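Heads up: the structure comes next, in structure tokens.
When reading the values below, keep in mind they use all heavy atoms of this one structure, side chains included, and skip hydrogens, waters and symmetry mates. All values derive from a computational prediction rather than experimental measurement.
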Amino acid sequence: MIDSQPTRNLALELVRVTEAAALAAGRFVGRGDKIAADKAAVDAMRLILNTVQMDGIIVIGEGEKDEAPMLFNGERLGTGEPPMVDIAADPIDGTRPTAHGLPNAIATVALAPRGTMYNPGPFVYMDKIAAGPEAKDVIDIEAPVEENLRKVARVRGEDVDDLMVVILDRPRHTELISRVRKVGARITLIPDGDVAGAIMTAMPGSKVDLLLGIGGTPEGVLAACAMRCLGGNIQGKLYARNEEERRLGEELGYDFNKVLTLEDLVSSEDVFFAATGITDGEFLKGVDYFADGATTESVIMRGLTGTSRRIIATHRLTKLSKISQIPY
């Protein structure tokens with residue numbers, strides 16, 4: 001008989017972090033100013049993260065690739081008390097959808113024990129493949145896309161033309177999209193937000209079977225934390241945008257040919273993940289304001305137990321405005 005006591009579920013505290021970021025960013029939906037939206041989310045996330053009982057260091061921050069406001073790598077957050085954790089944070093995964101009122105923008109954060117998250121250094125892009133529990137053992141980022149699609153269909157007991165693949169809508173994916181279509185699979189093109197895209201491959205009841213293509217490295221590590229909780233899988237390879245970036249990587253000891261497994265991206269099962277919707281999407285509903293407040297939808301996950309919770313919260317902004325530094 002196991003007699004160990006339940007340990008603290010930090011995901012229950014992280015949801016306050018992502019709710020705050022989503023509520024702050026939600027005021028900027030459709031206003032065309034992604035920098036202002038990102039700054040509001042960053043400020044809110046930093047404020048609440050500093051109230052969490054932890055000694056946290058940002059390993060994965062967002063902002064370098066577009067010079068946006070950010071939680072910077074190496075920044076220490078929390079109360080300074082144990083546990084010692086790595087933090088991956090994306091105050092807005094989908095700044096462009098937020099600025100233009102498009103679907104699938106979320107606020108997200110993850111924690112893992114100190115030293116267990118992959119640090120990509122200055123390299124902000126990664127080629128990725130992600131799938132849910134049924135297909136976790138058959139995906140291979142080095143295999144042809146056609147082979148991956150056939151293997152995923154086979155283990156799911158489906159035909160390739162039953163599959164739904166999520167791909168970021170980018171010019172760099174023109175050939176990939178053509179190959180997926182040629183083999184017969186269906187595609188959902190998303191403008192941003194491949195954290196949600198990866199997670200949906202592993203969420204029960206989701207219509208998404210596979211994520212493919214080049215996206216952000218921060219999003220890859222965040223998705224890996226969620227996959228640890230959901231039992232899915234993600235693989236990645238750092239992507240150099242040009243020869244100068246490749247040479248820098250070689251100087252710093254990074255291998256752009258190395259396959260980064262789920263174990264490489266986050267090597268501990270003791271992970272926590274939280275996300276809150278900013279705009280409506282297939283993954284989460286966005287912030288919905290009313291006369292005296294707002295509602296949010298969030299998902300929180302814990303790796304040790306595999307527990308995933310959806311939380312619908314009602315926030316009374318007239319009350320919050322009396323005690324909060326955040327202009328909701």
Side-chain angles (χ1 to χ4, degrees), residues 9-29 37-54 56 58-63 69-71 75 77-78 85-95 97-98 103-112 192-200 203 218-219 221-226 228-230 271-281 283-289 293-303 307-315 317 320 324-326 328:
N9 187 351
L10 285 166
L12 293 169
E13 300 175 52
L14 289 184
V15 72
R16 293 179 56 240
V17 174
T18 56
E19 284 174 349
L23 285 167
R27 292 296 187 186
F28 294 89
V29 168
D38 216 16
K39 183 179 187 306
V42 166
D43 290 347
M45 186 168 277
R46 177 180 284 114
L47 180 68
I48 306 302
L49 276 171
N50 273 323
T51 71
V52 178
Q53 184 185 317
M54 64 178 179
I58 295 285
V59 174
I60 302 293
E62 181 64 287
M70 65 181 297
L71 294 161
E75 183 175 357
L77 295 168
V85 295
D86 290 341
I87 305 171
D90 196 346
I92 303 180
D93 181 30
T95 51
T98 299
N104 291 324
I106 63 173
T108 182
V109 67
L111 303 180
D192 288 279
D194 65 344
V195 174
I199 292 171
M200 285 192 292
M203 292 292 286
E219 291 84 351
V221 176
L222 279 158
C225 292
R228 276 288 196 182
C229 303
L230 294 168
V271 298
F272 304 92
F273 176 90
T276 300
I278 298 171
T279 62
D280 286 345
F283 178 42
L284 291 166
K285 292 181 180 178
V287 180
D288 184 16
Y289 294 97
T295 58
T296 56
E297 182 180 23
S298 305
V299 63
I300 63 171
M301 306 175 192
R302 186 181 190 190
T307 302
S308 174
R309 293 178 170 92
R310 281 189 181 265
I311 297 175
I312 308 295
T314 300
H315 309 270
L317 301 186
L320 282 172
S324 177
Q325 300 173 39
I326 303 167
Y328 295 127

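- Looking at Asp288, its side chain never comes within 3.5 Å of a backbone N or O of Ala294 through a donor-acceptor pair.
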Before you tell me yes or no, could you show the steps for Leu12 and Arg302 under side-chain contact (heavy atoms from CB on, under 4.5 Å), namely the whole-Å CA-CA distance, both residues' side-chain angles and the distance that decides it to 0.1 Å? CA-CA 9 Å; Leu12 293 169; Arg302 186 181 190 190; over 6 Å; no
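- Applying the side-chain contact (heavy atoms from CB on, under 4.5 Å) test to Ala112 and every residue at least two apart in sequence or in another chain returns Thr116, Met117, Val266, Val271.
- Proximity of Asn9 to Arg309: side-chain heavy atoms (C-beta onward) are separated by under 4.5 Å at one or more points.
- The shortest heavy-atom contact between Leu317 and Gly293 is CG-CA, 3.5 Å.
- Pairing each heavy atom of Phe283 with each of Met200, the nearest pair is N-SD, 3.8 Å.
- Residues satisfying the salt bridge (Lys or Arg N to Asp or Glu O under 4.0 Å) criterion with Asp86, sequence neighbours excluded, are Arg114.
- For Thr18, the side chain to side chain donor-acceptor pair (under 3.5 Å) partners at least two apart in sequence or on another chain are Thr276.
- A search for side chain to side chain donor-acceptor pair (under 3.5 Å) contacts involving Thr307 returns Thr305, not counting sequence neighbours.
- Ala37 meets the side-chain contact (heavy atoms from CB on, under 4.5 Å) test with Phe28, Ile92, Thr98; sequence neighbours excluded.
- When atom types are taken as modelled, the side chain of Asp280 and the backbone of Gly286 share a donor-acceptor pair closer than 3.5 angstrom.
- Glu13 pairs by the side-chain contact (heavy atoms from CB on, under 4.5 Å) definition with Arg8, Leu10, Val52, not counting sequence neighbours.
- Cation-pi geometry between Arg228 and Phe272 is not met: the NZ or CZ atom fails to fall both under 6.0 Å from the ring centre and inside 45° of the normal.
- Scanning for side chain to side chain donor-acceptor pair (under 3.5 Å) contacts around Thr279 gives an empty result, with sequence neighbours left out.
- Of all non-hydrogen atoms in Glu297 and Lys285, the two that sit nearest each other are OE1-N, 2.7 Å.
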Stepwise, does the side-chain contact (heavy atoms from CB on, under 4.5 Å) test hold for Met54 with Leu111? CA-CA 10 Å; Met54 64 178 179; Leu111 303 180; 3.9 Å; yes
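- In terms of heavy-atom proximity, Pro103 sits nearest to Pro97 at O-CB, 3.5 Å.
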Check the pair Leu77, Ile58 against side-chain contact (heavy atoms from CB on, under 4.5 Å), reporting the backbone distance first and the verdict last. CA-CA 8 Å; Leu77 295 168; Ile58 295 285; 3.8 Å; yes
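- Two residues are said to be in side-chain contact when any heavy atoms from C-beta on lie closer than 4.5 Å; Ile311 and Ile300 meet this criterion.
- No side-chain heavy atom of Ile87 sits less than 4.5 Å from a side-chain heavy atom of Ile60.
- Closest of all the heavy-atom pairs between Gly94 and Asp192 is CA-CB, 3.9 Å.
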Mind listing the side-chain donor-acceptor pairs of residues 40-49 below 3.5 Å, one per line with the distance, residues two or more places apart or on another chain?
residue, atom, partner, partner atom, Å
Asp43, OD2, Lys39, NZ, 2.7
Arg46, NE, Glu75, OE2, 2.7
Arg46, NH2, Met70, O, 3.2
Arg46, NH2, Glu75, OE1, 3.2
Arg46, NH2, Glu75, OE2, 3.4

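- Taking the side chain to side chain donor-acceptor pair (under 3.5 Å) definition, one finds that Asn104 meets it with Glu282, sequence neighbours left out.
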Verify side-chain contact (heavy atoms from CB on, under 4.5 Å) between Tyr289 and Arg27, making sure each step is shown before the conclusion. CA-CA 9 Å; Tyr289 294 97; Arg27 292 296 187 186; 3.4 Å; yes
One pair to check against side chain to side chain donor-acceptor pair (under 3.5 Å): His315 and Thr296. What are the steps and the verdict? CA-CA 8 Å; His315 309 270; Thr296 56; 2.8 Å; yes
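- For the atom pair CD (Glu19) and CG (Leu14), the distance works out to 11.0 Å, reported to the nearest 0.5 Å.
- Side-chain contact between Leu284 and Ser298 is absent, with no heavy atoms from C-beta onward closer than 4.5 Å.
- Tested against Ile106 for a side-chain contact (heavy atoms from CB on, under 4.5 Å), the candidates Val195, Val299, Ile278, Leu222 yield a single pass: Val195.
- Side chains of Ile199 and Met301 form a contact here, defined as non-hydrogen atoms less than 4.5 Å apart.
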